[in-house]
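Take a look at the structure set out below.
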Protein chains: 2
Amino acid sequence: MEIHHLRYFIAVAEELSFRGAAERLHISQPPLSVQIAQLERELGTRLLERSAGKTTRLTAAGAVFLDEARALLDGLDRSIERTRRTGRGEVGTISVGLTSSMAYGVVPLLLRDFRRAHPGVTLQLLEMTTAQQEKALLARTLDLAFCYPPLENPGFKTRNVGEEGMVLAIPDSHPLAGTRPVRVGELQGETILTFPRHLSPGLFDRMLAAFSMAGLTLRIAEEATQLQTIIALVCAGLGVAVVPASMAKLAREGVEYRSILDPMPVVETLLVWRDDAPSPLAQKLIQSVSKTA
Amino acid sequence: MEIHHLRYFIAVAEELSFRGAAERLHISQPPLSVQIAQLERELGTRLLERSAGKTTRLTAAGAVFLDEARALLDGLDRSIERTRRTGRGEVGTISVGLTSSMAYGVVPLLLRDFRRAHPGVTLQLLEMTTAQQEKALLARTLDLAFCYPPLENPGFKTRNVGEEGMVLAIPDSHPLAGTRPVRVGELQGETILTFPRHLSPGLFDRMLAAFSMAGLTLRIAEEATQLQTIIALVCAGLGVAVVPASMAKLAREGVEYRSILDPMPVVETLLVWRDDAPSPLAQKLIQSVSKTA
DNA sequence: TCCATTGATACGAAAATCATATCAATCAAG
DNA sequence: CTTGATTGATATGATTTTCGTATCAATGGA
């Protein structure tokens, strides 16, 4: 059985006439009779009562199969449309990774714009470290990733979607509290908290270098897998911290943010994807982000 | 698009290999590639990522279409099975007419047997007079009819499914009440109620003849479109009535039934159907009734 | 009785699918 | 780095299927 059998049968069942149906189908009557006969033979039952001269009628099985055939063709149309929409990237799900520290930066804005432009698309956001995201991209668990450089794997395409400076986070009870920008030298003797290196080796090393030049050392808060934890430690008076500027949006009681006068590393945010055949959805998000950023 | 496109695509999507799928389909690989390419062209989107040497993978659209194609083929199988069952008369609906007076005779027994043997069949029972049933058969509103002879239209096939004698229905306060059979002569002076002629002309005329021979007249209860109404009138003391023996099963408080010694008309019940192409369900019911009766 | 119309059948023509042969690209092994 | 094996794509002739023309028997209406 093929789909044209369904179409042919529906035409005959609706016209209740082989000649009329043949005309509607733009074919001649004999092959139509043959095709219907094939269909009846395969189904093992007569679908139409025909007697020359008198009106053709549906059998009980024919009435059932007419309903079924219509439903099947409708289902086929819907299936085709759904597939086409998916192919055009109008619907579907896309997995996007981001680090927990990006929750307050430019990434939410970029994603919000994409969501508005593509309401049919489900964004699946997964908080992961840069290293985890790289592995997930390779395993195809992620379609896209928002990472911090440097990337370990060279086989990725990237786009810079924003960069931000570092600011100082201090308790509001601290002598340096106030609106004044701060120099690194003023931190002499302070406990300067920072995150474990594996969370962002590139940023970590550049921070380390910047402070070493000023003769300062950093204290690594091993348990701080999220920058918010660092802020919490600052709030508790365990020290000060240097964090990306967007963290200032996390207005936390008892913590103030001060800009730093000395040269500090700049945190770049990269959108990363595999260089082989990104899905249409991924392409759309890349395009959306490129336009916005 | 044809159904074999769906089958071919499912095979490739499941094997994730054109050659493997071709082997499974018992065709060679080149035409399979061509068919998939046709499918992709018609859908306007790529379904499979293929790169020589590396593993073939589904695109997002391909994953969607795989689900859809499986569902469509499943639906097709179910449709075929449903149609075949209808063709074999295993499922469906059959419209059967019967007169209201048959509700206590042999007909319910016959239908009960059929119901047991064919649980998938819905019996649509319609209470109609014999004349109404004949019209409904011609209009194809009914598939089968349980009628009383004679039939007006000669173009029917019939089968006698039972005959029964007539009995006397009298109030239990009546002088004739008791267990004794009754002679027609004993009804001299009684009001003998009967149904309007149009409900069953054949039976009416034979009844009329039988009573005329004994010098008795009948009083027609015009409002009695159902035999039960006659019984109700008897119960109310408006007279006595001669009714089919099966009505005795309608054990009504205040009414007794007496057999009649004189020759009385015999009520035949006919199963009636059009002589042109009865549906498989109708054939099954005819067969069931013939075996039981 | 004749004529028009219905669907079925027969047969050659057109179209679609298929199999064989072959290619470029890629990967694994030496 | 080279070789051999495997992947899917392409080209071409063969086979199968479907289609159209011609024709038939059966039925209903004029």
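Naming convention: chains lettered A, B, ... in sequence-line order (proteins, then strands); numbering from 1 in each chain.
Within the 4.0 angstrom heavy-atom criterion, base atoms lie near B:Gln29. Note on B:Gln38: only backbone sugar-phosphate atoms sit closer than 4.0 angstrom, heavy atoms only; bases stay farther off.
Inspection of the B:Thr129 and B:Gln133 side chains reveals no N or O donor paired with an N or O acceptor under 3.5 Å.
At the phosphate of D:dA9, OP1 or OP2 sits under 4.0 Å from a side-chain N or O atom of B:Ser33. When the side-chain nitrogen and oxygen atoms of B:Arg50 are compared with OP1 and OP2 of D:dT7, none of them lie within a distance under 4.0 Å. Close to C:dT5, at under 4.0 Å from its OP1 or OP2, lies no side-chain N or O of A:Arg19. The phosphate of D:dG8 has OP1 or OP2 within less than 4.0 Å of a side-chain N or O from B:Thr56. Note on B:Gln35: a side-chain N or O is less than 4.0 Å away from OP1 or OP2 of C:dC18.
Comparing C:dT17, D:dG20, C:dG7 by their closest approach to the side chain of A:Ser28 singles out D:dG20. Proximity note for A:Phe18 (side chain, C-beta onward) versus D:dC19, C:dA8, C:dA19: the nearest is C:dA8. Of the listed nucleotides (C:dA19, D:dC19, D:dT18), D:dT18 has the atom at the smallest distance from the side chain of A:His5.
With respect to B:Phe146, the side-chain contact (heavy atoms from CB on, under 4.5 Å) criterion is satisfied by exactly one of B:Thr99, B:Val161, B:Leu270: B:Val161.
Both A:Ile27 and B:Val34 lie near DNA chain D, and the one whose nearest nucleotide falls closer to the 5' end is B:Val34. Across the interface with DNA chain D, nearest-nucleotide mapping of A:Pro30 and A:Glu2 shows A:Glu2 to be the residue nearer the 5′ end.
At a threshold of 4.0 Å, the pair A:Glu40-A:Arg50 counts as salt-bridged, since one of the basic side-chain nitrogens sits closer than that to a carboxylate oxygen.
Distance CD (A:Glu23) to P (C:dT6): 10 Å, rounded to an integer number of Å. Rounding to whole angstrom units, CZ of residue B:Arg41 and C1' of C:dA16 are separated by 13 Å.
If you look at A:Phe9 and A:His5, their ring centroids are not closer than 6.0 Å.
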